[in-house]
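For reference, the structure is listed below as structure tokens.
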Amino acid sequence: MIEHGDDASGAAAPERVEPAPAAPTRCRATRRLTYYRNDDAIFVDDEYLIRNVPARILWKVLGESRRTGRTEFSNREMRVDTSLGLPPVKDNLESRLILLRHRLQEKCPDLQLVSTGRGRFALRADATLELIER
């Protein structure tokens, strides 16, 4: 609000300006993802998310992103990574990625694996991620 006016001496009163309302800030949530090596299972904020090969894929992507800052990955690099335990024939990688995407959408929508092209996907996180391995 701006006010103008004269005081009793005839001098102009100082201008008073109300501050503009602050823009709303988006508070980034923190998600705690815990990977249990013995069970090959991932929990998000103490709630079960997924296990076995999809869990190993997600943990690899999360770890690589944390170490190097990468967010883009390829199906081919997942297939040749022996630590994921994919079978050599009929690995069903695409089916496992679809299952993982659906589970993330249900249980942790602020973390996504987004298709970026044929045989490629990206990690998108709208939360701060805390990674714990046990």
Side-chain angles (χ1 to χ4, degrees):
M1 177 168 127
I2 301 175
E3 290 183 7
H4 295 283
D6 294 334
D7 63 10
S9 67
E15 198 172 278
R16 195 176 80 181
V17 178
E18 295 289 328
T25 57
R26 185 168 176 225
C27 183
R28 244 175 109 96
T30 298
R31 294 295 200 149
R32 186 178 65 257
L33 288 96
T34 307
Y35 176 68
Y36 293 92
R37 268 181 302 222
N38 293 341
D39 298 327
D40 272 339
I42 294 180
F43 285 70
V44 176
D45 299 329
D46 298 323
E47 185 178 336
Y48 172 78
L49 175 67
I50 201 156
R51 66 180 305 130
N52 295 327
V53 174
R56 289 192 298 265
I57 291 169
L58 179 59
W59 199 248
K60 175 188 175 46
V61 167
L62 290 169
E64 184 69 22
S65 181
R66 172 69 41 95
R67 280 187 301 281
T68 67
R70 276 182 64 203
T71 58
E72 298 259 340
F73 301 89
S74 72
N75 291 9
R76 184 175 189 287
E77 76 181 280
M78 296 298 133
R79 281 197 171 89
V80 299
D81 187 335
T82 56
S83 71
L84 297 177
L86 289 167
V89 179
K90 292 192 177 193
D91 60 24
N92 295 327
L93 176 64
E94 285 80 11
S95 298
R96 295 168 199 259
L97 287 171
I98 289 170
L99 172 65
L100 180 53
R101 285 183 184 122
H102 285 286
R103 193 61 59 86
L104 286 169
Q105 185 62 39
E106 290 172 14
K107 305 273 186 173
C108 186
D110 41 358
L111 182 61
Q112 301 174 344
L113 295 180
V114 181
S115 179
T116 58
R118 187 169 183 214
R120 299 200 59 78
F121 62 93
L123 175 68
R124 301 281 186 259
D126 291 332
T128 301
L129 304 178
E130 178 185 349
L131 306 179
I132 303 166
E133 187 168 343
R134 296 191 173 153

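When reading the values below, keep in mind they use all heavy atoms of this one structure, side chains included, and skip hydrogens, waters and symmetry mates.
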Give a yes or no on whether [X] and [Y] share a hydrophobic cluster (residues Ile, Leu, Val, Met, Phe, Trp, Tyr; joining criterion: side-chain heavy atoms under 4.5 Å apart).
X     : Y     : answer
Leu58 : Leu99 : yes
Leu93 : Ile98 : no
Phe43 : Val53 : no

Hey, does the side chain of [X] reach the backbone of [Y] with a donor-acceptor pair shorter than 3.5 angstrom?
X      : Y      : value
Arg101 : Arg96  : no
Thr68  : Glu64  : yes
Arg51  : Ala41  : no
Ser115 : Phe121 : no

For [X] versus [Y], what's the shortest heavy-atom pair and its separation?
X      : Y      : result
Leu111 : Leu104 : O-CB, 3.5 Å
Ser65  : Thr71  : OG-CG2, 4.2 Å
Met78  : Val61  : CE-CG2, 4.0 Å

Could you give the distance from [atom1] ([X]) to [atom2] ([Y]), rounded to the nearest 0.5 Å?
X      : Y      : atom1 : atom2 : answer
Tyr35  : Leu33  : OH    : CG    : 13.0 Å
Leu129 : Asp126 : CG    : CG    : 10.0 Å
Asp39  : Tyr48  : CG    : OH    : 10.0 Å
Ile57  : Leu86  : CD1   : CG    : 5.5 Å
Leu100 : Arg56  : CG    : CZ    : 12.5 Å
Ile50  : Glu106 : CD1   : CD    : 9.5 Å

In terms of heavy-atom contacts, does CZ of Arg120 have more than 12 from other residues, nucleotides or ligands at under 6.0 Å?
yes
Go through the steps to decide whether Asp91 and Leu84 satisfy the test side chain to side chain contact (heavy atoms under 4.5 Å, CB included), and finish with yes or no.
CA-CA 11 Å; Asp91 60 24; Leu84 297 177; over 6 Å; no
Applying the side chain to side chain donor-acceptor pair (under 3.5 Å) test to Arg32, which of Asp45, Asp46, Thr128 qualifies?
Asp46
Flag side-chain contact, heavy atom, 4.5 Å: Arg134 against Arg37
no
Would you check if Trp59 and Glu133 make a side-chain contact, meaning some heavy-atom pair closer than 4.5 Å?
yes
Check this for me: does any side-chain nitrogen of one of Glu130 and Arg31 sit under 4.0 Å from a carboxylate oxygen of the other?
no
Under the side chain to side chain donor-acceptor pair (under 3.5 Å) test, residues paired with Arg66 that sit two or more places apart
none
